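Single-structure report; data block below.
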2 protein chains.
Amino acid sequence: MPSKRTPIPGPTAKKAKIAAGRRKAQDLAEVDFGKLPGYIGYQLRQAQSAVFRDLARTLRETGVTPGEISLLTMLKGNPGIKSITLTRIYQLDKATLSLSVKALAKRGLIVSTRDAADNRYRALELTSEGRAMLQRVTRSIESQERAMDDVLKPGERGRLLDLLNRISRAFAR
Amino acid sequence: MPSKRTPIPGPTAKKAKIAAGRRKAQDLAEVDFGKLPGYIGYQLRQAQSAVFRDLARTLRETGVTPGEISLLTMLKGNPGIKSITLTRIYQLDKATLSLSVKALAKRGLIVSTRDAADNRYRALELTSEGRAMLQRVTRSIESQERAMDDVLKPGERGRLLDLLNRISRAFAR
DNA sequence: TATTGTTATACTCTATAACTATA
DNA sequence: TATAGTTATAGAGTATAACAATA
């Protein structure tokens, strides 16, 4: 004899769940965001965090972060580049970059060798493993970029890049 | 009798410093960014971090972070809002939001009171100190937004907000 | 003295897991 | 059982300070 309340969600439970979902959506629709949506700073943060979250999901099993992809790409285009140059580009403290370099080196993706001309420097380079990894994660990046193109009309990608670039430069010191 | 090397930088030292500055700028100009500048994800991160850094500088003495400003604004427009609603909006774990709420409450900017109808909920509200603080930091936000308008042509703000919004929604799950 | 880089330490933001209280 | 919230803990990512090596 079945009990009045079955552990298997029946039609009633299912309906309740859908109703709860609607109620939540309704709650969110009623929320007043004030002036926030009109702030570029706010929309920038929302977009950046959505994109970052999505990419992190895709990259999870590679163990490479979006920031590390930038570093690997810079090393590919500029073999032998110095840490100090990268700190200037990304406005990072040299201690911060030193840790990233150490982590990438430990995983065998990059090597740092002493500069012959000036022994204070270390020349950073991709290993062949690093090059392979970069190729792999670049595919993820570019598939994400194509997903963005799906919500952009022709010409809008270029306009967005230009606008973002001008905002960056307005606050670069 | 003055030593050969004076601790006050003379014209020679000044020239050397300028030359070093030029050399650095030259180094940076020669860097190959590869495909990075063509990625929306990359430009988004650069812009967001430049804007965030600038705002953090302005807000330093208030002790309020950009994320906390969003929360305070939401509480102003939606007095009595529940934590759980905010976690859905900002895709944050309830534990993360609990810590933010605790920190703001400790500083006397918000209060959380038990909901009479359903005791599981806590209704969040601004205190008068919170309202005053929000007014103060909103001035910083809006002055930063005006600085952005300086690099935007008429109509571009609206277009940028729309583009960012579409990117956010493309990756919201 | 100035520059490059490393290490120790700490702070912020975030998540996961285990928990309590309530429905 | 499900939901709201808290606490403990841990992992990124970042900065500051002190240091060593080199110029």
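Predicted model, so just to flag it, every value in this text is computed and none were measured. Chain identifiers are assigned alphabetically (A, B, ...) following the order of the sequence lines, protein sequences preceding nucleic acid strands; residue numbering begins at 1 within each chain.
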For Arg120(A), which residues count as a salt bridge (Lys or Arg N to Asp or Glu O under 4.0 Å) partner, sequence neighbours excluded? Asp118(A)
Do the side-chain N or O atoms of Thr96(A) get closer than 4.0 angstrom to the phosphate oxygens (OP1, OP2) of dG13(D)? no
Polar contact flag, side-chain donor to acceptor under 3.5 angstrom, Glu142(A)-Tyr39(B): yes
Taking OH from Tyr121(A) and C1' from dA2(C), how many angstroms apart are they, rounded to a whole number? 11 Å
Within the structure provided, determine whether Asn165(B) and Leu161(B) are in side-chain contact (heavy-atom separation under 4.5 Å). no
For the pair made of CZ in Phe52(B) and P in dT12(C), what is the distance, rounded to whole Å? 12 Å
Hey, which of these two, Gln91(A) or Thr85(B), hits DNA chain D nearer its 5' end, going by closest nucleotide? Thr85(B)
Going by heavy atoms in the side chains, are Leu75(A) and Leu104(A) under 4.5 Å from each other? no
Nucleic acid contacts - residues 54-78 of chain A versus DNA chain D, non-hydrogen atoms under 4.0 Å: Thr65(A)
Between residues 97-111 of chain B and DNA chain D, which residues have a heavy-atom gap below 4.0 Å? Ser98(B), Lys102(B)
With Lys82(A), which residues qualify under salt bridge (Lys or Arg N to Asp or Glu O under 4.0 Å), at least two apart? Asp27(B)
For the pair made of NZ in Lys82(B) and P in dA2(D), what is the distance, rounded to whole Å? 19 Å
In terms of side-chain geometry, is the basic nitrogen of Lys35(A) or Glu145(B) positioned less than 4.0 Å from the acidic oxygen of its partner? no
Which letters describe nucleotides 17-23 of chain D, given B = protein heavy atom under 4.0 Å from base, S = only from sugar-phosphate, - = neither? B----BS
Does CD belonging to Gln135(A) count more than 12 external heavy atoms closer than 6.0 Å? no
Check this for me: does any side-chain nitrogen of one of Arg166(A) and Asp162(A) sit under 4.0 Å from a carboxylate oxygen of the other? yes
Does the side chain of Arg53(A) get closer than 4.0 angstrom to OP1 or OP2 of dA15(C) through an N or O atom? yes
Interatomic distance, Leu92(B) CG vs dT6(D) C1' [rounded to whole Å]: 16 Å
Nearest-Å distance, CD1 (Ile81(A)) to C1' (dT4(C))? 14 Å
Are any non-hydrogen side-chain atoms of Leu126(B) and Pro79(B) less than 4.5 angstrom apart? no
Whole Å only: how far is the CG atom of Leu86(A) from the C1' atom of dG5(C)? 13 Å
Please determine whether residues Leu44(B) and Leu92(A) belong to a single hydrophobic cluster, defined as Ile, Leu, Val, Met, Phe, Trp and Tyr linked transitively by side-chain heavy-atom distances below 4.5 Å. no
Test: side chain to side chain donor-acceptor pair (under 3.5 Å). Region: residues 47-67 of chain B. Which pairs qualify, not counting sequence neighbours? Asp54(B)-Gln144(B)
